[in-house]
Amino acid sequence: MAYMGNSSNSIARYNLSVNDNGVLVKNMLSTNYSPTYFTNNTFVYDGADLDYVHDETFLSRVYFLNNIFYNTSKTTATPWYRRTGALRQAVFANNDYYEAGGTHSDQEPADPDGPRADPRFVGDPAEYVTGVGVNRIREAAAHFALRDDSPLIDAGRYNPRLGTEDFLGTHLYYGEAPDIGMAERRIGPKVPDPVDDDPIEEEVDNRVDLALGKPVTASSTHSGANGTLGAEKLTDGDLTSRWAAADEAAYPITLDIGLGADTTFDEVYLDEYTDSGTNPRVRSFELQRWDAGTSRWVTFASRDTGIGHDLTVTGFGDVTTARLRVSLTGQIATEQYTPTLTEISVYDSAG
């Protein structure tokens, strides 16, 4: 599936994908499409032939609920993504992850309620017959319905975006919860009017970003993109916007956030923009606090291993200051262009 940007509430549900390989999900423009839902799809693929489940970077919220990811390869675990941080805005819940080889990928997303079980399809995936024609598509797809002894029955999670019928036209849902995958078994009592009493949309990071909306001053700002690359984008809470340094900017490049008053924090979140073929560019940086007593910047954390996607810097204890500086001190040797970041956030883990 490929979908473009500038859309919202896109839903892909109760589909069957067998040996499509290549890239299973591709968002062509990685902005302005929140939210997106992938619910109760069944993906069957050979991990050795699959390029990636997803190869770009989700910058807006995407939910994966009740899907089956069935890898028939006995030698190659599922390659989930090409770009570091590709799944950072994706939420995975109650999906099944089956690896015929028994080894799960290090890239596999976190999904506490997602089983890693053989779905126990009605038919053997290796014997699936293709090319039967559209008029027999449901008959063919029933090959991947669940057997009565499947561990995926009643193992899903309800959400209004599931709709009212599965791939085969069966009512949603029967039993204690929806099944995982594209076909619902008529096992258990029929639930005529399902209610979502556990909205997945509420499972978000509810921490307070102490830098949100605070003023930012950059030592260098790119003048392109019709003036949309300003430093204020770093604290707007929007991962689809970004700041960029001017092409001729010299290191160190500083980003100063005015917190307004003495603020205590112990976590700093940094994120480089790496969409649309853009690579991470920062090799080293320092985090500094303004010391009003001495009128100077004091370094409290530094790294020389880059930023990339979703870097949370911790381990420096509690810092109290009215001004925070992110000083970009060095560039990755193989990169030609100056840095571009999407967000700087500040948190106090104690609440």
Side-chain angles (χ1 to χ4, degrees), residues 1 11-20 24-25 37-45 53 63-72 78 91-100 102 104 108-130 132 134-203:
M1 177 184 176
I11 304 172
R13 64 189 178 205
Y14 288 93
N15 296 286
L16 174 63
S17 167
V18 183
N19 292 329
D20 287 320
L24 297 182
V25 176
Y37 294 82
F38 289 88
T39 71
N40 287 88
N41 302 286
T42 295
F43 300 97
V44 180
Y45 51 86
V53 173
Y63 298 98
F64 287 84
L65 286 76
N66 310 335
N67 301 283
I68 295 176
F69 297 97
Y70 189 106
N71 182 8
T72 61
T78 300
V91 177
F92 288 79
N94 298 74
N95 302 279
D96 181 48
Y97 309 87
Y98 177 72
E99 299 283 346
H104 289 258
E108 189 173 282
D111 189 344
D113 296 317
R116 292 179 165 188
D118 184 342
R120 298 178 187 167
F121 294 127
V122 168
D124 183 343
E127 298 176 358
Y128 177 58
V129 177
T130 62
V132 297
V134 174
N135 62 329
R136 296 180 60 191
I137 192 66
R138 282 184 169 174
E139 177 185 343
H143 189 88
F144 291 99
L146 303 177
R147 299 194 326 230
D148 288 351
D149 63 347
S150 170
L152 306 190
I153 292 175
D154 291 353
R157 177 174 182 165
Y158 180 69
N159 184 281
R161 278 78 179 181
L162 269 60
T164 58
E165 293 184 351
D166 71 359
F167 188 104
L168 306 178
T170 303
H171 165 79
L172 300 177
Y173 57 92
Y174 290 83
E176 297 179 357
D179 300 344
I180 297 176
M182 61 91 194
E184 176 80 10
R185 295 297 285 184
R186 292 184 175 90
I187 295 178
K190 181 178 181 180
V191 181
D193 298 301
V195 175
D196 186 5
D197 56 6
D198 186 22
I200 191 171
E201 294 82 0
E202 295 182 1
E203 294 184 8

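For Ala177, there are no side chain to side chain contact (heavy atoms under 4.5 Å, CB included) partners, not counting sequence neighbours. Phe144 is linked by a ring pair (Phe, Tyr, Trp, His ring centres under 6.0 Å) to Phe121, Tyr128, counting only residues two or more places apart in sequence or in another chain. In this structure, Tyr174 has no side-chain hydrogen bond (donor to acceptor under 3.5 Å, both in side chains) partners at least two apart in sequence or on a different chain. Under the rule for a side-chain hydrogen bond (donor to acceptor under 3.5 Å, both in side chains), the partners of Arg147 that lie at least two apart in sequence or sit in another chain are Asp149. Residues that satisfy the side chain to side chain contact (heavy atoms under 4.5 Å, CB included) test with Asp124, not counting sequence neighbours, are Ala126, Glu127. Take Asp148 and apply the side-chain hydrogen bond (donor to acceptor under 3.5 Å, both in side chains) test, not counting sequence neighbours, and it matches Arg185. The salt bridge (charged side-chain N to carboxylate O under 4.0 Å, His left out) search around Arg186 returns none, not counting sequence neighbours. For the side chain to side chain contact (heavy atoms under 4.5 Å, CB included) test, residues two or more places apart in sequence or in another chain that qualify with Arg116 are Tyr97, His104, Glu108. Every residue two or more places apart in sequence or in another chain that forms a side chain to side chain contact (heavy atoms under 4.5 Å, CB included) with Val91 is listed here: Arg61, Tyr63, Ile200. Here Ser17 pairs with Asp20 under the side-chain hydrogen bond (donor to acceptor under 3.5 Å, both in side chains) rule; sequence neighbours left out.
Relative orientation of the Phe69 and Phe92 rings is tilted, given thresholds of 30° and 60° on the angle between their planes.
Between Asp111 and Ala93, the shortest heavy-atom contact is OD1-CA, 3.4 Å. The two residues Pro119 and Ile68 have their closest heavy-atom pair at CG-CG2, 4.0 Å. In terms of heavy atoms, Leu172 sits closest to Glu184 at CD2-CB, 3.8 Å. Residues Lys190 and Pro192 come closest through the heavy atom pair O-CD, 3.2 Å. Scanning all heavy atoms of the two residues, the minimum distance from Val132 to Ala140 falls at CG2-CB, 3.6 Å. The two residues Val44 and Thr72 make their nearest non-hydrogen contact at CG1-CG2, 4.0 Å.
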Evaluation steps, side-chain contact (heavy atoms from CB on, under 4.5 Å), between Arg13 and Asn40: CA-CA 6 Å; Arg13 64 189 178 205; Asn40 287 88; 5.6 Å; no

Chi angles and distances behind the side-chain contact (heavy atoms from CB on, under 4.5 Å) call for Asp179, Leu152: CA-CA 6 Å; Asp179 300 344; Leu152 306 190; 5.7 Å; no

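Taking CG from Leu65 and CG from Asp113, the interatomic distance works out to 10.5 Å, rounded to the nearest 0.5 Å. For the atom pair CG of Asn67 and CG of Asn41, the computed distance is 5.0 Å after rounding to the nearest 0.5 Å. Here Thr78 contributes atom OG1 and Asn71 contributes atom CG; the two are 4.0 Å apart, rounded to the nearest 0.5 Å. Going from atom CZ of Phe38 over to atom CG of Leu24 covers 10.0 Å, rounded to the nearest 0.5 Å.
At distances below 3.5 Å, not a single donor-acceptor pair connects side-chain atoms of His171 with backbone N or O atoms of Asp166. Remark: the backbone N or O of Ile180 is not paired with any side-chain donor or acceptor of Asp96 at under 3.5 angstrom. Listed for the Thr42 side chain is a donor-acceptor partner under 3.5 Å among the backbone atoms of Met182.
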Per-pair distances, 0.1 Å, donor-acceptor, side chain in residues 153-163, under 3.5 Å, sequence neighbours excluded:
from: Asp154; atom 1: OD2; to: Glu176; atom 2: N; distance (Å): 3.3
from: Arg157; atom 1: NE; to: Asp198; atom 2: O; distance (Å): 3.4
from: Arg157; atom 1: NH1; to: Glu203; atom 2: OE2; distance (Å): 3.1
from: Arg157; atom 1: NH2; to: Asp198; atom 2: O; distance (Å): 2.9
from: Arg157; atom 1: NH2; to: Asp198; atom 2: OD2; distance (Å): 3.4
from: Arg157; atom 1: NH2; to: Glu203; atom 2: OE2; distance (Å): 2.7
from: Asn159; atom 1: OD1; to: Arg161; atom 2: N; distance (Å): 2.9
from: Asn159; atom 1: ND2; to: Glu201; atom 2: OE2; distance (Å): 3.2
from: Arg161; atom 1: NH1; to: Glu201; atom 2: OE2; distance (Å): 3.3

